[in-house]
Amino acid sequence: MAVTLHRLRPGEEAILARVAPEVFDEAVDRDRLARYFAAPGHLMLLAREGDLVVGQCAAVVHHHPDKPTELYVDELGTASTHRRRGIGRALLAAMFEWGRELGCEEAWLGTELDNEPANRLYRGFAPAADEPMQLYAFRL
């Protein structure tokens, strides 16, 4: 069966009733999803095989007073059963296109240095600045 991409909008939460394992880090919570869509600039793309969600890409549009509008790609996940089929690449390309439509001039994301599958995927998009960085995560 073919995989299709879908721009998830508020009111379409029922689409997330069937999600393959490992698409998200944890189970989708209705309240968190509602807050996600209530905040401006939050975008989510889904990859679907029939009514089964097999991939997702979440991003946020950032507006700045001193630099161009940018797209921060926050999450990219594909079901373990559907990896190495180009779904992640298709999701990321579609998210970049959506960002361009919304006026974003740049996009950025981060991953662990030892995450070879992700780094291989991201290096396939050119031009990109492959810069080492340190990520700090704070529990609030």
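All values below come from the heavy atoms of this structure, side chains included, with hydrogens, waters and symmetry mates left out. Not measured: the values here are computed from a predicted model.
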Checklist entry - Given T81 and V54, is the side-chain contact (heavy atoms from CB on, under 4.5 Å) satisfied, shown in steps? => result CA-CA 8 Å; T81 55; V54 297; 5.7 Å; no

Checklist entry - So how far is it from F96 CZ to C104 SG, rounded to the nearest 0.5 Å? => result 10.5 Å

Checklist entry - Tell me, which pairs form a ring-ring contact (aromatic ring centres under 6.0 Å, His included) where one or both residues lie in residues 60-92, sequence neighbours left out? => result Y72-W108

Checklist entry - If Ile, Leu, Val, Met, Phe, Trp and Tyr residues are connected whenever their side-chain heavy atoms lie under 4.5 Å apart, and connections chain through other members, are L109 and M44 in the same group? => result no

Item to check | Heavy-atom closest pair, residues C57 and V73 | outcome: SG-CG1, 3.8 Å

Item to check | Atom pair CD/NZ of E106 and K67 - distance to nearest 0.5 Å | outcome: 8.5 Å

Next on the checklist: I want to check something: taking the side chain as every heavy atom from C-beta on, are L43 and V60 in contact at a cut-off of under 4.5 Å?
Outcome noted: no

Checklist entry - Which residues pass the salt bridge (charged side-chain N to carboxylate O under 4.0 Å, His left out) test with R18, sequence neighbours left out? => result D51

Item to check | salt bridge (charged side-chain N to carboxylate O under 4.0 Å, His left out) against E22, all qualifying residues, sequence neighbours excluded | outcome: R83

Checklist outcome for this item: What one should report as the nearest heavy-atom pair of A47 and I87 is CB-CG2, 3.6 Å

Checklist outcome for this item: In terms of heavy-atom contacts, L91 and Q56 come closest through CD1-N, 3.5 Å

Next on the checklist: Tell me whether L46 shares a hydrophobic cluster with L33, the cluster being built from Ile, Leu, Val, Met, Phe, Trp, Tyr side chains joined at under 4.5 Å.
Outcome noted: yes

Next on the checklist: Restricting to non-hydrogen atoms, name the atom on V19 and the atom on L16 that form the minimum distance, rounded to 0.1 Å.
Outcome noted: CG2-O, 3.4 Å

Residues 1-10 side chain polar contacts: donor-acceptor under 3.5 Å, at least two apart:
unit_1, atom_1, unit_2, atom_2, d
H6, NE2, E12, OE1, 2.8
R7, NH1, E101, OE1, 3.0
R7, NH2, E101, OE1, 3.2
R7, NH2, E101, OE2, 3.1

Item to check | Partner residues of E97 under the salt bridge (charged side-chain N to carboxylate O under 4.0 Å, His left out) criterion, sequence neighbours left out | outcome: R100

Checklist entry - Do I15 and V53 touch side chain to side chain, with heavy atoms closer than 4.5 Å? => result yes

Checklist outcome for this item: So the ring-ring contact (aromatic ring centres under 6.0 Å, His included) pairs with at least one residue in residues 24-55 (sequence neighbours excluded) are Y36-H42

Checklist entry - Shortest non-hydrogen contact from G99 to L71? => result CA-CD2, 4.2 Å

Item to check | Reported CE-to-CG distance for the pair M95 and L76, which is rounded to 0.5 angstrom | outcome: 9.0 Å

